[in-house]
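Quick notes on the structure that follows.
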Amino acid sequence: MEPTHRFLRACRGLAVDRVPIWLMRQAGRYLPEYRAVRARTDFLGLCKTPELACEVTLQPIDLFGLDAAILFSDILLPLEAMGLPLAFTEDGPTLPEPVRDRAAIARLCVPDAETTMPFVGAAVRQIRAALAGRVPLIGFGGAPFTLAAYAVEGGGSTQWLRGRRLLYEAPQSAHELLGKVARTVAAALIAQVDAGAEAIQLFDSWAGVLAPAEFEAFALRHAAETIAAVKAHADVPVIYFVNGVAPVIDLVRQSGADVIGIDWRVELGEARRRLGSIPVQGNLDPVAMFAPPAKIEAKAAAILRAGGGVGHIFNLGHGILPETPVDNVRALVAAVRSYAP
């Protein structure tokens, strides 16, 4: 049976009444309502308290009338479940026991998602109940390379040198680590689907730092394994987002994803031509959200023209920046909703 929600229809490449819109990090620090909830707990407490995760997930839906909700959580929680201590500081995530050798890889487990992360499924169930069918709920996870890069680096980075070195210096160890992460992420995503998530986005936030050959051999291979495991379990659309996708667009066709997320560094029309009939999602530069509303509307219209309507989900090319004016988000959503080709 064909889906009825425009977001789910767009994921399948079906005709829609208008292009759907949701925004990466749509529940986040740019919203005063989010900051008020966040003041009551730390970040991990927010992720691990289903009632609070539900509350902030719903905020942008209630405020802007977006076409999909996305679970509020964090991509690094599966690493904690695998046995890596995790903390968040003012500078971002920290993994104080990084994975730097074969022994550390061997110590990692492939956990049972329901047992180790029960709060995620509980949040999904609460959000689905609160949404009451208004819009679909997207679950998500980090792709294997991105999570492995954090695990090896011990936190954030700009160049991800330790993770990249592992691919060249010890490829067998890299595949062992990536395989464990892939199985863990797949199980976590399947648990989200079983709890009620109606689509999945797989974030490969840092795979864009790889050369195409290494992207194909390491990042894409294990992302495809994750996607295949989810799709073998349930017929839900999967979106694969690679930040910095331009050099590897032709490769991501092989991921098995139903939708390819496009960042802002490549023109959407070019991405569509290279991907053929595969639906796309994107791709307004998040920094464009600081422009006057009229300029935002013009940028949105250009992307909508390039997207061609069918098989296009409007989104930013990455997450909303914390300083983004709320009124500009409202202007963007209005522009996309009122667009008439």
Side-chain angles (χ1 to χ4, degrees), residues 1-12 14 16 18-28 31 33-34 37 46-75 77-78 113-114 117-143 185-203 226-227 229-231 233-241 257-259 261 279 281-282 313-316 319-320 329 333 336-337:
M1 187 171 68
E2 288 190 354
T4 56
H5 285 291
R6 63 175 65 89
F7 165 76
L8 295 175
R9 290 183 63 83
C11 287
R12 303 295 191 188
L14 300 172
V16 290
R18 62 169 175 80
V19 173
I21 176 173
W22 72 277
L23 304 171
M24 289 185 277
R25 292 201 201 117
Q26 63 191 25
L31 287 175
E33 294 84 353
Y34 170 87
V37 176
L46 180 51
C47 291
K48 294 181 179 182
T49 306
E51 295 78 11
L52 298 182
C54 177
E55 183 177 347
V56 296
T57 297
L58 295 176
Q59 286 172 349
I61 305 305
D62 295 334
L63 288 167
F64 306 121
L66 295 158
D67 291 305
I70 183 165
L71 167 70
F72 185 87
S73 188
D74 192 81
I75 64 170
L77 293 176
E114 289 287 359
M117 296 179 283
F119 43 85
V120 176
V124 170
R125 288 186 286 272
Q126 288 193 30
I127 296 163
R128 278 295 306 272
L131 285 171
R134 283 184 289 164
V135 296
L137 175 63
I138 305 167
F140 74 92
V185 172
L189 295 177
I190 286 168
Q192 291 180 31
V193 171
D194 287 347
E198 295 157 278
I200 291 295
Q201 174 148 320
L202 191 65
F203 286 88
T226 306
I227 293 167
V230 173
K231 295 190 69 64
H233 181 80
D235 185 24
V236 296
V238 176
I239 305 163
Y240 183 38
F241 172 75
D258 301 278
V259 182
Q281 178 177 278
I313 299 158
F314 194 98
N315 209 315
L316 302 181
I320 297 179
V329 176
V333 175
V336 174
R337 294 181 68 166

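The closest donor-acceptor contact from the side chain of Glu198 to the backbone of Leu8 lies at 3.5 Å or more, if one exists at all. A donor-acceptor pair is defined here as one N or O able to donate and one able to accept, closer than 3.5 Å; such a pair exists between the side chain of Thr57 and the backbone of Phe72. At distances below 3.5 Å, at least one donor-acceptor pair connects side-chain atoms of Gln59 with backbone N or O atoms of Glu33. Of the possible polar contacts, none joining the Arg125 side chain to the Ala195 backbone as a donor-acceptor pair under 3.5 Å is found. Formation of a donor-acceptor pair under 3.5 Å by the His233 side chain with backbone atoms of Ala186 is not found in this model.
Side-chain contact check for Asp258 versus Lys231: some heavy-atom pair is nearer than 4.5 Å. Counting only heavy atoms from C-beta outward, the side chains of Pro60 and Val329 never approach each other to under 4.5 Å. A 4.5 Å side-chain heavy-atom check between Ile227 and Tyr240 finds at least one atom pair inside the cut-off. Side-chain contact check for Arg12 versus Pro279: every heavy-atom pair is 4.5 Å or farther apart. Side chains of Val37 and Leu46 form a contact here, defined as non-hydrogen atoms less than 4.5 Å apart. Counting only heavy atoms from C-beta outward, the side chains of Leu23 and Asn315 approach each other to under 4.5 Å. Residues Gln201 and Gln281 form a side-chain contact, since some pair of their non-hydrogen atoms from C-beta on lies under 4.5 Å apart. You'll find the side chain of Ile21 reaches within 4.5 Å of the side chain of Val333, heavy atoms only.
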message = Determine whether Phe119 and Leu77 satisfy the following criterion, side-chain contact (heavy atoms from CB on, under 4.5 Å), listing intermediate values before the conclusion.
response = CA-CA 11 Å; Phe119 43 85; Leu77 293 176; 3.9 Å; yes
inquiry  = Run the side-chain contact (heavy atoms from CB on, under 4.5 Å) test on Val135 and Leu66 for me, step by step, so that the C-alpha distance in whole Å, both residues' side-chain angles and the decisive distance to 0.1 Å come before the verdict.
reply    = CA-CA 8 Å; Val135 296; Leu66 295 158; over 6 Å; no
query = Could you walk me through whether Ile313 and Val19 pass the side-chain contact (heavy atoms from CB on, under 4.5 Å) check?
reply = CA-CA 6 Å; Ile313 299 158; Val19 173; 5.7 Å; no
task = For the pair Leu31 and Phe64, evaluate side-chain contact (heavy atoms from CB on, under 4.5 Å) and give the outcome as yes or no after the intermediate values.
result = CA-CA 11 Å; Leu31 287 175; Phe64 306 121; 3.9 Å; yes
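Residues meeting the ring-ring contact (aromatic ring centres under 6.0 Å, His included) test with Phe203, sequence neighbours left out: Phe140. Applying the side-chain contact (heavy atoms from CB on, under 4.5 Å) rule to Ala68 yields the partners Phe7, Trp22, Ile138; only residues at least two apart in sequence or on another chain are considered.
Each of Val238, Val259, Val236 was compared with Cys11 under the side-chain contact (heavy atoms from CB on, under 4.5 Å) criterion, and only Val259 meets it. The side-chain contact (heavy atoms from CB on, under 4.5 Å) with Ile127 is formed by just one residue from the set Ile61, Ile70, Leu71; it is Leu71.
For the salt bridge (charged side-chain N to carboxylate O under 4.0 Å, His left out) condition, the pairs that include at least one residue of residues 57-71, sequence neighbours left out, are Arg6-Asp67, Arg18-Asp67, Asp62-Arg134.
Taking both residues in full, the closest heavy atoms of Cys47 and Ser73 are given as SG-C, 3.9 Å, listed atom of the first, atom of the second, then distance. Across every non-hydrogen atom of Asp74 and Pro78, the tightest pair is O-CD, 4.3 Å. Scanning both residues, Ala69 and Gln26, for their nearest heavy atoms gives CA-NE2, 3.7 Å.
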